[in-house]
Amino acid sequence: MRKAFQEAECAFGEDEVPVGAVIVHDSRIIAKAHNQVQRLCDPTAHAEMIAITQATEFLKSKWLQDCILYVTVEPCCMCAGALILARIGKIVFGVHDPKTGAFGSRLNINSLRLNHRIRVKGGILEKECGQLLKEFFKSKRAKTASHIY
C-alpha cells in the first residue's frame, strides 16, 4: 500500500488527482501507476486502468485472479467494471469515496451478481490517502479563487 501511496504522490506532483495503484502477483509488484487523465487528455486514464493493462501485459493473460490491487482510493464504477472483467482476486484500498466509490460507498458492484466477485478490504492508510486528496482539492480551490479576483 505504501508503494501505491508513492504513486499517488507522483500524481499530486503532476497536478493529477492523487490516486496511485500497484498490482501484486506472488508477492511481487508487477504493475504500478497513477492517474494520468490530464496528461493524456483521457478520462479513462485512471491509475487502476493503467495498472490493469501493465499487469495483463506482464502476465500475458487477461485474467488477474491471483493478483491483489492496492489503490489509494476506492475504485469508481468504470474501474470496478474493468476489475471484474480482469477477474482480479482482491482489492485493498485506502480511503472510501462517497461520490463515486463502487465497492460500498456509492454502490457495491459485488452485489450485482456478476460472473466474478472481488474480495475487498478498505481503510488501509486511510488517513494518509485522505489527507493527500484534501490537500490536492484545497490547492485547486485556492487556484480557482485567486483567478476570480
Rounded distance (nearest 0.5 Å) linking atom [atom1] of [X] with atom [atom2] of [Y]:
X	Y	atom1	atom2	answer
Leu133	Thr72	CG	OG1	6.5 Å
Phe103	His96	CZ	NE2	12.5 Å
Cys79	Ile109	SG	CD1	10.5 Å
His46	Gln36	NE2	CD	11.5 Å
Tyr70	Glu48	OH	CD	15.0 Å
Leu112	Leu107	CG	CG	7.0 Å

[X] side-chain N/O to [Y] backbone N/O, donor-acceptor pair under 3.5 Å:
X	Y	result
Glu74	Ser105	yes
Glu7	Val19	no
Lys60	Glu57	yes
Asp97	Val73	no

Problem set entry | Partner set under side-chain contact (heavy atoms from CB on, under 4.5 Å) for Ser61, not counting sequence neighbours | Leu59, Trp63
Problem set entry | Check: Glu9/His34 side-chain N/O donor and acceptor closer than 3.5 Å |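 Checked: Glu9/His34 side chains show no N/O donor-acceptor pair below 3.5 Å.
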With the side chain counted from C-beta on, respond yes when [X] and [Y] share a heavy-atom pair under 4.5 Å apart, and no when they do not.
X	Y	result
Leu132	Glu128	no
Glu135	Pro18	no
Lys99	Arg106	no
Ile91	Leu83	yes
Val17	Phe136	yes
Gln54	Ile23	no

Problem set entry | Stepwise side-chain contact (heavy atoms from CB on, under 4.5 Å) check, Cys67 with Ile30 | CA-CA 9 Å; Cys67 297; Ile30 61 168; 4.1 Å; yes
For this session: Salt-bridge test for Lys140 and Asp15: reply yes if a basic N is under 4.0 Å from a carboxylate O, no otherwise.
Result: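 The answer is yes: the pair qualifies as a salt bridge.
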Exercise. Going by side-chain heavy atoms closer than 4.5 Å, which hydrophobic residues are tied to Met49, directly or by a chain of links?
Worked result: Met78
Problem set entry | Step-by-step side-chain contact (heavy atoms from CB on, under 4.5 Å) determination, Val37 to Asp42 | CA-CA 5 Å; Val37 172; Asp42 180 354; over 6 Å; no
Donor-acceptor contacts under 3.5 Å from residues 114-123 side chains, at least two apart:
residue	atom	partner	partner atom	Å
His116	NE2	Ile88	O	2.8
Arg117	NE	Asn110	O	3.4
Arg117	NH2	Asn110	O	3.4

